[in-house]
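First the structure, in the form of structure tokens, and then the observations on it.
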Amino acid sequence: MAARSLWAFRRRVQHLLASTAASDGRGCLHPFSTATQRTAGEDCSSEDPPDELGPSLAERALKLKAVRLEKEVQDLTVRYQRALADGENIRRRTQRCVEDAKIFGIQSFCKDLVELADILEKTTESISEETEPGDQKLSLQKIFRGLSLLEAKLKSVFAKHGLEKMTPIGDKYDPHEHELICHVPAGVGVQPGTVALVRQDGYKLHGRTIRLAQVEVAVESQRRL
């Protein structure tokens, strides 16, 4: 009887402990569950605003970038148009300079030739005004002096402008400088293949041949058997 009562007492104590533990577990579970839900809600609420604000910030950044790029394009366009205008102005000035060089390139040479014309004109006037019809000797003297002065001035003008007369007598025949007129037998002291006689003088301008010299070239004479 006592043993049965002790066993019943144990069963009741275990039942009470079990019910107490269950009630304690439910009481602790609800606050934790609510806190968990509240934390999850806060996390969701804290993440939702970036999702809403993110696209607006990105759009604002893209708009600012687009505005900056548009300004750069406008600036580059203006600079490109200015460069085109400057290039066109330079092209026109260069073309004008080239045309002026073609027209006035011989201005200095012509100025020197005018002095030759003055000498020739004065010589002609002095002969026609001061010479008597019967005095031919005086006329020839004036003509000779005038022509001598004219020749000296002409040589000075040629040298000033780089115009050089070629005197190829005795030089080896060069088709780039000489125009062959005929062949002549080589005489004493004349080497075959060299210039024996000049029919017309040639000229060079700053080393470039502008007129070939007309020459006769010596060749070895054929011996008679």
Side-chain angles (χ1 to χ4, degrees), residues 86-225:
D86 293 340
E88 182 64 19
N89 293 333
I90 293 174
R91 187 189 67 80
R92 291 179 179 177
R93 287 196 297 267
T94 303
Q95 185 177 2
R96 190 181 303 114
C97 290
V98 171
E99 292 176 355
D100 292 343
K102 290 180 180 179
I103 297 174
F104 302 103
I106 59 173
Q107 180 176 355
S108 179
F109 185 71
C110 293
K111 183 179 179 181
D112 293 332
L113 289 181
V114 169
E115 296 181 6
L116 295 176
D118 293 340
I119 295 173
L120 185 60
E121 184 178 358
K122 290 179 180 179
T123 302
T124 305
E125 291 177 355
S126 64
I127 293 174
S128 61
E129 293 177 359
E130 299 179 4
T131 304
E132 296 179 359
D135 196 353
Q136 296 181 356
K137 184 178 180 179
L138 183 60
S139 299
L140 292 175
Q141 290 178 352
K142 288 185 177 182
I143 292 174
F144 178 77
R145 287 197 302 268
L147 292 177
S148 299
L149 183 60
L150 187 63
E151 183 182 12
K153 184 62 178 179
L154 188 61
K155 289 180 179 179
S156 176
V157 171
F158 284 175
K160 178 180 178 181
H161 294 278
L163 188 61
E164 177 186 1
K165 183 172 72 172
M166 294 186 292
T167 55
I169 294 180
D171 295 344
K172 188 176 180 180
Y173 172 73
D174 185 356
H176 298 289
E177 296 182 357
H178 309 144
E179 180 183 356
L180 178 61
I181 301 301
C182 64
H183 291 95
V184 295
V188 179
V190 179
Q191 296 293 330
T194 60
V195 177
L197 182 66
V198 178
R199 293 280 189 90
Q200 186 181 66
D201 294 328
Y203 285 90
K204 288 183 177 181
L205 180 61
H206 297 291
R208 178 187 295 179
T209 301
I210 60 174
R211 191 177 79 173
L212 299 176
Q214 296 180 357
V215 299
E216 297 179 3
V217 179
V219 294
E220 187 175 1
S221 59
Q222 296 179 356
R223 296 180 179 179
R224 295 182 181 180
L225 298 177

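Nothing here was measured: the structure is a model prediction, and the numbers come from that model. Each residue takes its place number in the sequence, starting with 1. These numbers come from the heavy atoms of this one structure, side chains and all, not from hydrogens, waters or symmetry mates.
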Report task. Kindly check if the number of other-residue, nucleotide or ligand heavy atoms within 6.0 Å of CD1 (I106) is above 12? Result -> no
Report summary line: Closest non-hydrogen contact found for A196 with V190 is CB-CG1, 4.4 Å
Requested in this report: Measure up the H178 and Y173 rings against each other and bin them: parallel (under 30°), tilted (30 to 60°), perpendicular (over 60°).
Outcome: tilted
Query - Nearest heavy-atom neighbours spanning H161 and L205 - result: O-CD1, 3.4 Å
Query - Beyond-backbone contact of R211 with Q200, side-chain heavy atoms, under 4.5 angstrom - result: yes
Requested in this report: Looking only at non-hydrogen atoms, find the nearest pair between M166 and D201 and report the distance.
Outcome: O-OD1, 4.1 Å
Query raised in the report: Within a strict 4.5 Å, meaning less than it, do heavy atoms of the I181 and L197 side chains meet?
Result: no
Query raised in the report: Which atoms form the tightest heavy-atom contact between C182 and R199, and what is the distance?
Result: SG-NH2, 4.2 Å
Query - From CA spacing to verdict: salt bridge (Lys or Arg N to Asp or Glu O under 4.0 Å), E99, K102 - result: CA-CA 5 Å; E99 292 176 355; K102 290 180 180 179; over 6 Å; no
Query raised in the report: Just wondering, do L154 and L150 contact through their side chains at under 4.5 Å, heavy atoms?
Result: no
**Report entry** Non-hydrogen side-chain atoms of R145 and L149 separated by less than 4.5 Å
**Finding:** no
**Report entry** Side chain to side chain, P168 and E177, heavy atoms closer than 4.5 Å
**Finding:** no
